[in-house]
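The next block holds one structure in the form of structure tokens; read it before the comments.
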Amino acid sequence: MTALPTIPHWIEGAEVVADDARTAPVFDPALGREIRRAALASETEVDRAVETAHTAYLTWRNVSLAKRTAILFRFRELLNERKGELAEIITEEHGKVIDDALGEIARGQEVVEYACGITSHLRGHFSEQVSTGYDIHSVRQPIGVAAIISPFNFPAMVPMWFFPIAIAAGNSVVVKPSEKNPSAAIWIAKLWKEAGLPDGVYTVVNGDKVAVDALLTHEKVASVSFVGSTPIAQYVYETGTKHGKRVQALGGAKNHMLVLPDADLDLVADSAINAGFGSAGERCMAISVVVAVEPVADALIDKIVERMQQLKVGDGRRGTDMGPLVTEAHRDKVASYIDIAAGDGATVVVDGRGIEVDGDEAGFWLGPTLLDRVPTSSRAYTEEIFGPVLSVVRVQSFDEGLELINNGAFGNGTAVFTNDGGAARRFQNEVQVGMIGVNVPIPVPIAAYSFGGWKQSIFGDTKAHGDEGVKFFTAQKAITTRWLDPSHGGINLGFPQND
Ligand code: NAD
């Protein structure tokens with residue numbers, strides 16, 4: 001049997017893999033087959049990656065903004081031209097359908113475009129004559145090596161929430177992608193090289209907890225941007241801050257859609273399908289709970305079921321609507337929540353297990369599943385499922401629905417569906433969630449705004465991209481200046497006073 005290829009690291013502008021490297025399997029989830037191995041970095045390899053990134057930073061920080069943005073523009077153009085290649089890689093290792101992979105690239109590209117305007121984003125302030133003969137101004141400077149640790153569900157977009165701004169601001173980055181699908185990060189590395197980015201400014205280390213821990217504790221890592229499940233986000237935040245790093249750690253989610261009785265139920269049903277089953281529910285902004293304010297639940301469920309019957313599940317390269325789950329273990333975990341819900345008294349309206357698919361039968365399939373009357377005490381309600389399982393919870397009033405959402409542990413995204421502007425306004429004002437849609441099911445903010453939730457969905461106070469991203473990757477200095485004119489008053493040993 002021929003050995004499977006190993007996905008290397010990317011250090012100093014070249015592929016690197018040790019002969020005796022530990023490795024982990026990378027699957028094509030639609031074929032249910034291992035196709036590659038991911039190298040898992042040792043502490044020594046991470047140390048080398050960070051040292052080379054730090055050396056590159058010392059030069060890159062002094063490259064002019066004009067030269068930096070010229071490289072960013074080139075990167076943007078190459079990405080736009082060649083995004084089809086990247087989408088194929090994402091679909092091959094993640095399973096999401098090609099259109100969805102192109103969608104995540106487009107959202108990442110938006111951040112690259114935002115970072116192309118870094119000269120404006122870095123503008124400081126200047127106040128003249130704050131004291132007689134004194135001026136003050138502020139600047140924002142890069143902070144050093146930025147570590148970016150990303151999850152499996154957006155192999156391109158999530159790293160792109162961070163690295164364009166970090167690099168544009170004069171930092172170097174070390175990306176540690178999910179070991180489940182690391183090829184996208186390496187493809188992006190080659191694109192940066194083609195765009196003219198100096199070696200070492202964009203580095204990739206593949207790995208698991210060993211690599212993460214080495215980054216969190218390395219003295220030359222200045223910041224950590226993490227996205228993943230809540231327990232790991234909390235661990236990363238606590239460990240990173242204890243070691244003096246700036247940390248932003250985005251965690252898991254359980255997003256509710258509140259449906260008021262006056263809502264357009266066709267729009268709601270379409271939105272529930274798109275937001276519940278797009279990317280097989282493996283999105284941190286997926287809707288996982290429809291909170292139906294009675295009497296709409298029965299009519300809404302009928303409309304959702306009608307649409308579910310039309311969904312084509314199968315290999316994402318074959319023009320299907322929904323692909324497989326990322327691994328067999330994850331598929332089995334997601335499917336186990338169907339039994340948990342049923343055991344707790346929920347009605348399984350549509351069961352996605354054993355569904356017929358347009359794809360290899362060995363793939364990690366689970367069809368769209370709909371659960372009704374899910375008790376809020378059930379683990380199927382309280383825990384993040386992260387798969388194509390949509391739950392309906394019935395409530396009697398707006399207030400009951402709002403309270404339910406606010407009692408949840410997570411606070412990533414939510415949506416309200418209504419034609420009542422007053423109800424929508426109250427919802428956006430009172431709901432304890434970071435990203436809110438009004439008749440919009442997946443309210444992912446554009447790049448100029450910042451992405452991030454509340455409560456257990458984020459650790460640290462800074463969100464991704466937009467103003468908060470620029471602030472995270474820079475440190476501010478305030479500089480007070482006096483230039484003596486020929487009429488200065490000579491020696492004065494008194495304590496300086498503002499006059
Ligand atoms: P995960 O937490 O398993 O992995 C995320 C990263 O942490 C990976 O790079 C992984 O290698 C690393 N990691 C895993 N175990 C670790 C450990 N014990 N110690 C240190 N590092 C470890 O998450 P996942 O399964 O890859 O991604 C899905 C999760 O990500 C979901 O919970 C989803 O909600 C969340 N997510 C959140 C957002 C957001 O913006 N809030 C966005 C995307 C995904």
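Both ligands and their constituent atoms are indexed starting at 1 by order of listing.
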Can you tell me if W161 has a non-hydrogen atom under 4.0 Å from ligand 1?
-> yes
Identified ring-ring contact (aromatic ring centres under 6.0 Å, His included) partner of F451 from the options W161, Y114, F154 | W161
Would you mind listing which atoms of ligand 1 come within a distance below 4.0 Å of any non-hydrogen atom of F386?
-> 28 (C), 31 (C), 33 (C), 34 (O)
Quick check, are the ring centers of F364 and H330 under 6.0 angstrom apart?
-> no
Does a donor on one side chain and an acceptor on the other come within less than 3.5 Å for S279 and D100?
-> yes
Between F473 and F163, ring centroids under 6.0 Å | no
Taking atom types as modelled, find out whether W10 and E15 have a side-chain donor-acceptor pair closer than 3.5 angstrom.
-> no
Atom 4 (O) of ligand 1 protein-contacted, heavy-atom criterion under 4.0 angstrom = no
Which of the numbered atoms in ligand 1 are below 4.0 angstrom from a heavy atom of N412?
-> 41 (N)
Test item: side-chain donor near acceptor, N153 and H94, under 3.5 Å | no
Atom 19 (N) of ligand 1: closest protein heavy atom, distance to 0.1 Å, is K209 CG, 3.4 Å
What is the closest protein heavy atom to atom 24 (P) of ligand 1, and at what distance does it sit?
-> F152 CD2, 3.5 Å
Flag for Y237-Q248: side-chain donor and acceptor within less than 3.5 Å = no
Among non-hydrogen protein atoms, atom 35 (C) of ligand 1 lies closest to G228 O, 3.2 Å
Does an N or O from T230, backbone or side chain, lie closer than 3.5 Å to an N or O of ligand 1?
-> no
What residue and heavy atom of the protein are closest to atom 42 (C) of ligand 1, and at what distance?
-> C284 SG, 3.0 Å
If you measure every N/O of Y235 against every N/O of ligand 1, is any gap under 3.5 Å?
-> no
For atom 7 (O) of ligand 1, the closest protein heavy atom turns out to be F226 CE1, 3.3 Å
Does G453 come within less than 4.0 angstrom of ligand 1, counting non-hydrogen atoms of the residue?
-> no
Purely on distance, is any nitrogen or oxygen of E179 under 3.5 Å from one on ligand 1?
-> yes
Closest to atom 14 (C) of ligand 1 (heavy atoms only, candidates L216, D213, V158, I232) is I232
Where L402 and F427 come nearest, the two heavy atoms and their spacing | CD1-CD1, 3.9 Å
Min over S229, G252, A464, G413 of heavy-atom distance to atom 2 (O) of ligand 1 lands on S229
Nearest non-hydrogen protein atom, atom 8 (C) of ligand 1 | S150 O, 3.3 Å
Do you know the tightest heavy-atom contact between P151 and G228?
-> CB-CA, 4.2 Å
Before signing off on this row, confirm whether G251 and ligand 1 have an N or O atom pair separated by under 3.5 Å.
-> yes
Counting each atom of ligand 1 from 1 as listed, which ones have a heavy atom of N153 under 4.0 Å away?
-> 43 (C), 44 (C)
Among non-hydrogen protein atoms, atom 27 (O) of ligand 1 lies closest to P151 CB, 3.2 Å
Looking just at side-chain N and O atoms, do K209 and Y235 make a donor-acceptor pair shorter than 3.5 Å?
-> yes
Just jot down the ligand 1 atoms closer than 4.0 angstrom to any heavy atom of E384, in number order.
-> 31 (C), 32 (O), 33 (C), 34 (O)
What's the verdict on salt bridge (charged side-chain N to carboxylate O under 4.0 Å, His left out) for R22 and D208, showing C-alpha distance, side-chain angles and the deciding distance?
-> CA-CA 10 Å; R22 289 186 304 126; D208 52 9; 3.0 Å; yes
Nearest to atom 21 (N) of ligand 1 by heavy atom, V227, V210, V212: which?
-> V212
Note: A185 and V204 closest approach over all heavy atoms is O-CG2, 3.7 Å
Does a side chain donor of either S223 or R246 reach within less than 3.5 Å of an acceptor in the other side chain?
-> no
Relative to the heavy atoms of F451, which atoms of ligand 1 are at a distance of less than 4.0 Å?
-> 40 (O)
